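To start, the structure under review is shown below, and the notes come after it.
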Amino acid sequence: MSQFALLKSRRFAPFFWTQALGAFNDNAFRNALVMLVVFQMSLGNDTAALYTNLAPALFILPFFLFSATAGQIAEKYEKSRIIRYVKLFEIAAMVIAAIGFHTHHVILLLVVLFLMGMHSTMFGPIKYSILPQALKPTELVGGNGLVEMGTQMAMLIGMIVGNALMLIEGYGPTAASAATIGVAVAGYLVSRWIPLAPAAAPDLKVNFNTFTETGRVLRIARADKAVFNAILGISWFWFFGTVMIAQLPVYTRVNLGGDGSVNTLVLTLFSLGTGIGSLLCEKLSGKRVEVGLVPMGAFGLTAFGIDLYFSRPGKSPVAGLDWHGFLQTAGAWHVALDLTMIGVFAGFFVVPLFAFVQSRTPRDRLSRVIAGTNIVNAIFICVASGLGLGLGVLGLSVPQIFLVTAVLNAFVAIYIFTLVPEFVMRFMTWVLVHAMYRVKVRGLENIPEEGPVLLVCNHVSFLDPLVIMAGVRRPVRFVMYYKIFNIPILSFIFRTAGAIPIAGRNEDLNLMNKAFDAVDQALADGEVVCIFPEGAITRDGAIAPFRPGVETILARRPVPVVPLALRGMWGSFFSRRDSAMKRMRLPRRFMSRIELVGAPAMAHADASSLRESVSSLRGELA
C-alpha cells in the first residue's frame, strides 16, 4: 500500500492537516515579519541581520523552557484533547499578531514569535508520539515522510503567502492578519476530527519545576545510547538548518541581488527538496526504519553546502532582481541545484532519525523522549543563532558562513557515526545490497514485531546476511561461520550487528559452545537470531540437509521459528556458481533480481520440517 493512502484514513489525515495548517501559520507569520523588517522598513543590513538571526532563537526558546512540562502533559493526558487546546492558543496568538502588523510594532511581533514557539513546544511531543499509536510499524517511515513533506510544503506555501500578502500595497498587514487568524481557526476545526489517542502514562505525576524536570527528561532520553545519539543527530540537523536558513534573506539581497520574490524562490527550492527527500525515504528504505540513509544524507549536506559557497562566493553586481531576472544571471541554476539538493539530503538525514527514535523508545516514555529531543534541539538552535551572529561580527560573508557550516557538518557527522557505528553499518549494508541486487521482499510480516524469534534460511552467497539484514525490519543477529565473520570490511558490519561466530565441533569446540550460549542469551533477551542450518554456502544451488544445531537451539529455548528463502541468488555475484577466476571478471548476473520470502512462524519444528518449509518457498521469481 502506498504511503499516500494514509491521507484517506481518519487515523492519520486529520492529524496531518492539523500539523500542516500549524506549520503554514508559523511560516506565514514569520515570513510576513521578515518581509516587514527586511524589505519594507528600510533597515540597514546589520539591523536586518540582527533580527533574522534573533528570530529563530526567540521561536525556539520556549522549547528549552517548557518542553519538559509539555512531554509530561502529552504522556499523562489524552492527546487529541491537548491538541484542541493548543490550537485555541494559536488563535489568540494570531489576534495579537494582527495588532503588531497594523502598528509595525516589531517588539510585539517578536513576542508573538515567542508565543508561537510555545504553541509548537506543546505540539511537538504529541506530534511524534501520536504517530506510533496511530500507525502500523510498516507505516511508520511513510507516515513520518508524509508529515515531513506536509510540513515542508505547508512551510513553503506559508512563506509564499506570508510574503505575498505583506506586499499588497496598502492592505498587507490586514491581509496577513486575516489569513493567519483564518488558518488558525481552520486548524482548530480540523483538530476536532483527530481520533482519541489514549494517555500512555495516565498515572504520571506532573512536575512543573522546569529545572528538575528538564534534568529528568534528559536522563530518560539518554537511557538508550543509540536513541540519544539519534537525538543528537536530529538536533544537529536543526543546527545546520538554522544557520543556513537564517542567512537566506541577506544572501538573497547581497549575494544574489534579488528582491522578495527571489527570497521566496530560494526558500521554495529548499522546501521542495526536503519534501522530495522525505517522501523518497519510504521507497529507498523498503518501508522499514533504515538508518543507513543517515550517512548518505550527511554526505550530501556537506557536499552541496560546500558547492553552494563556490556557486556564488561574492556580492552581486546588480540589485533588485525579481525571480525571473535572477534565473537569467550566470550561475543562477547552479545555486538553485545546490539549494534543492541540500533539501533532498536533509530529508534523507532527518526522517530516518525520527523514525528510529519512535521505533526504539517504549510508548510510555516516547512523549518525554521527544520533549528531551526538543530541549536538545533548543540548545543547538540557540547556539546556531549565536554562531550565525558571531561569524557575521567576525566579518565572514554569508557564503563563507555556508562553507563553515558544511565543513562542521562533516566533522559532527563523523563524530556521531563513531559513537553509533550502527548507522555506518546500515549504510554500508544498504549500499552493498542495492548496488549488487534488485531486491523484492514478501511474507516478512510473519516475523513478530516483538519478542524472541529464530529465522532459518537457505545459504546461497556470501552476502546472504546483508540481504536479510536489509529486508527484515527488526535488528537481526546472525550465527555465521567464523571464517566468513572475519572477512575484511564485512567483519565490521557483522561485528556491529552483533553477529555470533561459530565453528564446527572438530575445528573449535569451545567456540561452538560459546556460540550456542550466545544464541540462547540473545533469544532470552527477546532478540531476533538468524541461522543458516546447511552450515555452508551451497555449491550446486540445491538446499543441503539441515544440521542438528537448529534443534539444539530450540531444545534449550523453544521460540517461534520463521522459515525464509532467498530466491534468484544462485548464479549472482558472490554465489559459488562461478569459479574464483571467473568472479574476477564482471559477472553475468550483476544487479540480479532476487527475492527474500518468508513463511508463517512455526511453533514446533525440527531440522527436517524446517528444511521442507524453506524448500517449499523456493521456485521461480514472482
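Side-chain atoms are counted along with the backbone in the values below, which use heavy atoms only and exclude waters and symmetry mates. Just so it is clear, the model here is predicted, and its values are computed rather than measured.
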Does the gap between the ring centers of Phe348 and Phe345 come in under 6.0 Å?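 Distance test on ring centres: under 6.0 Å, yes.
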Heavy-atom distance under 4.5 Å between the side chains of [X] and [Y], does that happen here?
X: Val217; Y: Ser67; result: no
X: Phe478; Y: Ile468; result: yes
X: Met116; Y: Arg30; result: no
X: Met155; Y: Asp26; result: no
X: Leu308; Y: Val335; result: yes
X: Phe310; Y: His334; result: no
X: Leu110; Y: Leu33; result: yes
X: Gln358; Y: Val369; result: no

Measuring from atom [atom1] of [X] to atom [atom2] of [Y], what distance do you get when rounded to the nearest 0.5 angstrom?
X: Leu353; Y: Ile234; atom1: CG; atom2: CD1; result: 5.0 Å
X: Phe24; Y: Met153; atom1: CZ; atom2: CE; result: 13.5 Å
X: Ile500; Y: Phe485; atom1: CD1; atom2: CZ; result: 9.5 Å
X: Phe270; Y: Leu339; atom1: CZ; atom2: CG; result: 8.5 Å
X: Arg219; Y: Thr214; atom1: CZ; atom2: OG1; result: 10.5 Å
X: Met149; Y: Leu279; atom1: CE; atom2: CG; result: 4.5 Å

Closer than 3.5 angstrom, by distance alone: can the side chain of [X] be matched with the main-chain N or O of [Y] as a donor-acceptor pair?
X: Thr329; Y: Phe326; answer: yes
X: Asn25; Y: Gly22; answer: no
X: Thr302; Y: Val407; answer: no
X: Gln247; Y: Val398; answer: no

Where is the tightest heavy-atom contact between [X] and [Y], given as atom of each residue plus distance?
X: Trp236; Y: Asn409; result: NE1-OD1, 2.7 Å
X: Leu366; Y: Val357; result: CD1-O, 4.1 Å
X: Val528; Y: Pro475; result: CB-O, 3.6 Å
X: Val441; Y: Leu444; result: CB-CD1, 3.9 Å
X: Pro249; Y: Asn263; result: CA-OD1, 3.5 Å
X: Met122; Y: Pro125; result: O-CD, 3.7 Å

For the CZ atom on Arg312, are there more than 12 heavy atoms of other groups (residues, nucleotides or ligands in this structure) within a distance under 6.0 Å?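 It does: Arg312 CZ has more than 12 such atoms within range.
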Tell me whether Phe299 at atom CZ has more than 12 heavy atoms from other residues, nucleotides or ligands lying less than 6.0 Å away.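 No.
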For Asn377 and Ser235, test the side chains for any donor-to-acceptor distance below 3.5 angstrom and give the result as yes or no.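 The answer is yes; a qualifying pair exists.
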Scan side-chain atoms only and decide if Thr274 and Glu148 contain a donor-acceptor pair under the 3.5 Å cut-off.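 There is no such pair (donor and acceptor under 3.5 Å, judged by atom type) between the side chains of Thr274 and Glu148.
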May I ask you to decide if the ring planes of Phe380 and Phe239 are parallel, tilted or perpendicular, using 30° and 60° as cut-offs?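 Because their plane-to-plane angle is over 60°, the rings of Phe380 and Phe239 count as perpendicular.
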Aromatic plane relationship, Phe349 with Phe237 - under 30° parallel, 30 to 60° tilted, over 60° perpendicular: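 Aromatic pair Phe237/Phe349 classed parallel.
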Report the C-alpha distance between Phe15 and Val147 in whole Å, list the side-chain angles of each, state the deciding distance to 0.1 Å, and finish with yes or no for side-chain contact (heavy atoms from CB on, under 4.5 Å). CA-CA 9 Å; Phe15 167 77; Val147 168; 4.2 Å; yes
Test side-chain contact (heavy atoms from CB on, under 4.5 Å) on Val476 and Glu527 and set out the steps. CA-CA 7 Å; Val476 181; Glu527 298 183 78; over 6 Å; no
side-chain contact (heavy atoms from CB on, under 4.5 Å) between Leu232 and Asn229: does it pass, once the steps are laid out? CA-CA 5 Å; Leu232 291 178; Asn229 284 295; 3.6 Å; yes
Would Asn374 and Thr121 satisfy side-chain contact (heavy atoms from CB on, under 4.5 Å), going step by step from the backbone distance to the final call? CA-CA 8 Å; Asn374 289 339; Thr121 298; 5.9 Å; no
Knowing that exactly one of Leu269, Asp307, Leu301, Leu337 qualifies, which makes a side chain to side chain contact (heavy atoms under 4.5 Å, CB included) with Ile342?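 One option only clears the test, and that one is Leu301.
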